[in-house]
Amino acid sequence: MAKDNYLGSELWRIRHSTAHVMAQAVRDIFPEGAAKIAIGPPIADGFYYDFDLPRPLTPADLEEIEKRMRKVLSEEHEFIRRELSADEAREIFKDQTYKQDLIAGLEAGGFDEYGEPIEEDTVISTYSHDDFVDLCRGPHVGSTKDLNPKAIKLLNVAGAYWRGDERNPMLQRIYGTAWRTEQELNKYLHKLEEAKKRDHRRLGKDLDLYSTNPDIGSGLVLWHPNGAYVRYKAEQYCMDEHLKNGYEFVYTPHIGKAQLWETSGHLTWYDEYMYSALDIDGDPYFLKPMNCPFHIMIYKNSLRSYRDLPLRWAEWGTVYRYERSGVLHGMLRVRGFTQDDAHIFCSPEQMPDEIDRVLNFCLHILRGFGMKEFHAYLATRDPDKSPGDSERWDDATEALRAALERAQLPFDIDEGGAAFYGPKIDLKMIDALDREWQLSTIQFDFNLPDRFDLTYIAEDGKQHRPYMIHRALLGSMERFMGVLVEHYGGAFPFWLAPTQAVLIPITDRNLPYVEKAAEQLRENGIRVKVDSRTDRMGAKIRDAEKLKIPYMLVVGDREEEAGTVAPRLRTGDQLDPISIEELLVRMSEEIKNHDQV
RNA sequence: GCCGACGUAGCUCAAUCGGUAGAGCAGUCGCUUUGUAAGCGACAGGUCACGGGUUCGAGUCCCGUCGUCGGCUCCA
């Protein structure tokens, strides 16, 4: 559902009202005044409400809360709106410290009843039902009769800081969902179950793609042969495309002296993500959190002419960043990862063309993986976290905006989300649970060329300052792999599949023929396995289906006599028996076209 | 990092009140020679995450560490 249509819609109001009923129930299971209520908005697919409570909530509490909610919903209570003065509101919520805070924001203006900044004028209002009153702008359903007791469910309890700020108290947040009908609720719960099956952490185990190990450390990924194969094919494709697109490759070390990171500004602006120094002969060295300073040093290695520009240097560069333990997530957020990084050095005049070129190249690469749906952001400056004069920031931001518009790519503004050295365009993909993960990034940089005093000799024979673009298209191989697994639900297209075909002999006497067929496929570059176990064919098919292998090639006496194999696709479709030669033609077409099935 | 939950065989899970750690799948071996999603049987597989404590006795209770999960930013 489009966001604009959701706000204030029937489902939105159902969830908003259900949140109020939940807050009422939570209040009632604690002694008078012990439960402090904070905020409880509707969200996509449900709602939450934050509470400050004298003790942690248990699963039994959730059941009790749900029970009390159903009781309220079995009665009829109107939702009644009332507008009131700040003083009246303060009196009604006199024991509710968080509401007092919100009332102050409403009274001063510029904040809504959730403490979020808004532009429109605020009117202080409450909604009440039964004996429960909440500071609220609405809208709500008419009465509790409009809420279906069979279509609500509380999902989980989580911690959340008051106003999202970690300096504030930690509240307890209850997430719930609410729908019109029991069927809708069940459909949604079923969708959550299905999403779990697509989770890359689940599939990473099932398909033996990767693991992590506590003895190695959190957020450090071990790529198993299957995962490594997919990565290899993905990298091979991307690298070839890079060469075609005018890039050159470089390789650089994993560590560099402190002075380098001082010059680059990383130790000033990025140190919270950097690991502590290594001591080498008394000099401090740091693991690289980014590749840029190294590429810059290659640039500085010679005198550069305008005739050399643009220089497009790419490196599959492995970086290490300290991420807080609680944010690590499978392959999607890790501490060591390999970016498909590149830096483009160009003249100011070349900049707009280069941005266009990168953006188009990026879309081309992503399409090669069947990715067409993503969310584009233009990330702007956070003045507290970035040096440089604001005029150049504005110019650079406008240059990126113009490129997005030329590419006719819809985008949102990510206010203050820029890198410390310049604004950027980010493309984010959606995971199995509808969470967004940033893959591609195209970053404008006028900062590092200054810091490192980069120059080129222009036509006028004088030294000029080049511009720099940082960009990663897949983002990192780790995160890309995670998103890719979820994108395909583990069923990689033929060109990427770690095992492309499994040969299934029906009886042992078919084994020599099968081995020969396998050899022929292998010689033609197909990744094939032979299932020579003494199990029945049905069992072998079942196992191959679980591994999502694109082709199962069944061989019995009939095929052997005819000199064919009987292909079964993982979709369950069976093809007519076909010779290896014909099969190879079909397969090479699929590889060439990156067929997505 | 913070709040909460969790950690038992390669995987998915069980073990009542604190009383000898169990199953299915996977694996190995044997039998079966099989026609499109699980043949039959046997065997093997464990420092109950790790460290400490309480107890006659700890997978179970307590403390710490490590790790994982949900959330904390987005999800309007």
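Every chain is numbered from 1 and lettered A, B, ... according to where its sequence line falls, protein lines coming before strand lines. When reading the values below, keep in mind they use all heavy atoms of this one structure, side chains included, and skip hydrogens, waters and symmetry mates.
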Next on the checklist: Side-chain N or O of R202(A) versus OP1/OP2 of U12(B): is the shortest distance under 4.0 Å?
Outcome noted: yes
Please tabulate the protein-to-nucleotide N/O contacts below 3.5 Å involving nucleotides 65-69 of chain B, giving atom names and distances.
{"unit_1": "G67(B)", "atom_1": "OP1", "unit_2": "S218(A)", "atom_2": "OG", "d": "3.2"}
{"unit_1": "U68(B)", "atom_1": "OP2", "unit_2": "S218(A)", "atom_2": "OG", "d": "3.0"}
{"unit_1": "C69(B)", "atom_1": "OP1", "unit_2": "R201(A)", "atom_2": "NH1", "d": "3.2"}
{"unit_1": "C69(B)", "atom_1": "O3'", "unit_2": "R201(A)", "atom_2": "NH1", "d": "3.4"}

Item to check | C1' gap between C48(B) and U60(B), integer Å | outcome: 10 Å
Checklist entry - OP1 or OP2 of C72(B) sitting under 4.0 Å from any side-chain N/O of Y175(A)? => result yes
Checklist entry - Which of these nucleotides, U12(B), A76(B), G1(B), is closest to any side-chain atom of W12(A)? => result A76(B)
Checklist entry - Hey, is the side chain of Y161(A) pairing donor to acceptor with the base of G71(B) inside 3.5 Å? => result no
Checklist outcome for this item: Of E323(A) and I43(A), the one whose closest nucleotide on RNA chain B sits nearer the 5' end is E323(A)
Next on the checklist: Let's see if you can work this out: which of C72(B), C75(B), C11(B) has an atom nearest to the side-chain heavy atoms of A44(A)?
Outcome noted: C75(B)
Next on the checklist: Which is it for C17(B), anti or syn, if anything within 90° of zero counts as syn?
Outcome noted: syn
Item to check | Side-chain N or O of Y322(A) closer than 4.0 Å to phosphate OP1/OP2 of G1(B) | outcome: yes
Item to check | Watson-Crick and G-U pairing of RNA chain B, under 3.5 Å, as dot-bracket with | and [ ] | outcome: (((((((..((((.....[..)))).(((((.......))))).....(((((..]....))))))))))))....
Checklist outcome for this item: Rounded to the nearest 0.5 angstrom, the NE2-CZ distance for H329(A) and R201(A) is 3.5 Å
Checklist entry - R333(A) CZ to C74(B) P: how many Å, rounded? => result 14 Å
Checklist entry - Which is true for A160(A) with a 4.0 Å heavy-atom rule: it touches a base, it touches only sugar-phosphate, or it touches nothing? => result sugar-phosphate
Next on the checklist: How about OH on Y229(A), more than 12 heavy atoms from neighbouring residues, nucleotides or ligands closer than 6.0 Å, or not?
Outcome noted: yes
Checklist entry - What interatomic distance, in whole Å, is found between P of G59(B) and the corresponding atom of G22(B)? => result 13 Å
Checklist entry - What is the per-nucleotide protein-contact pattern of nucleotides 33-39 of chain B, from the 5' end, where B denotes a base atom under 4.0 Å from a protein heavy atom, S denotes such proximity for sugar-phosphate atoms only, and - denotes neither? => result BBBBBBB
Checklist entry - Using the P atom in both, what is the distance from C72(B) to A9(B), to the nearest Å? => result 31 Å
Checklist entry - What distance, rounded to whole Å, do you find between the two P atoms, one in G30(B) and one in C69(B)? => result 41 Å
Checklist entry - Which value, in whole Å, describes the distance between the P atoms of nucleotides G45(B) and A38(B)? => result 30 Å
Checklist entry - How far does the C1' atom of C43(B) sit from the matching atom of C2(B), given to the nearest Å? => result 49 Å
Item to check | G41(B) to G35(B) separation - C1' atoms, rounded to the nearest Å | outcome: 25 Å
Item to check | Over 12 non-hydrogen atoms of neighbours within 6.0 angstrom of NZ in K529(A) | outcome: no
Checklist entry - What is the distance from CD of E166(A) to P of G71(B), rounded to the nearest Å? => result 18 Å
Next on the checklist: Is a donor from one side chain sitting under 3.5 angstrom from an acceptor on the other, for W162(A) and D52(A)?
Outcome noted: no
Checklist entry - Parallel under 30°, tilted from 30 to 60°, perpendicular over 60°: which one fits the rings of Y421(A) and H470(A)? => result parallel
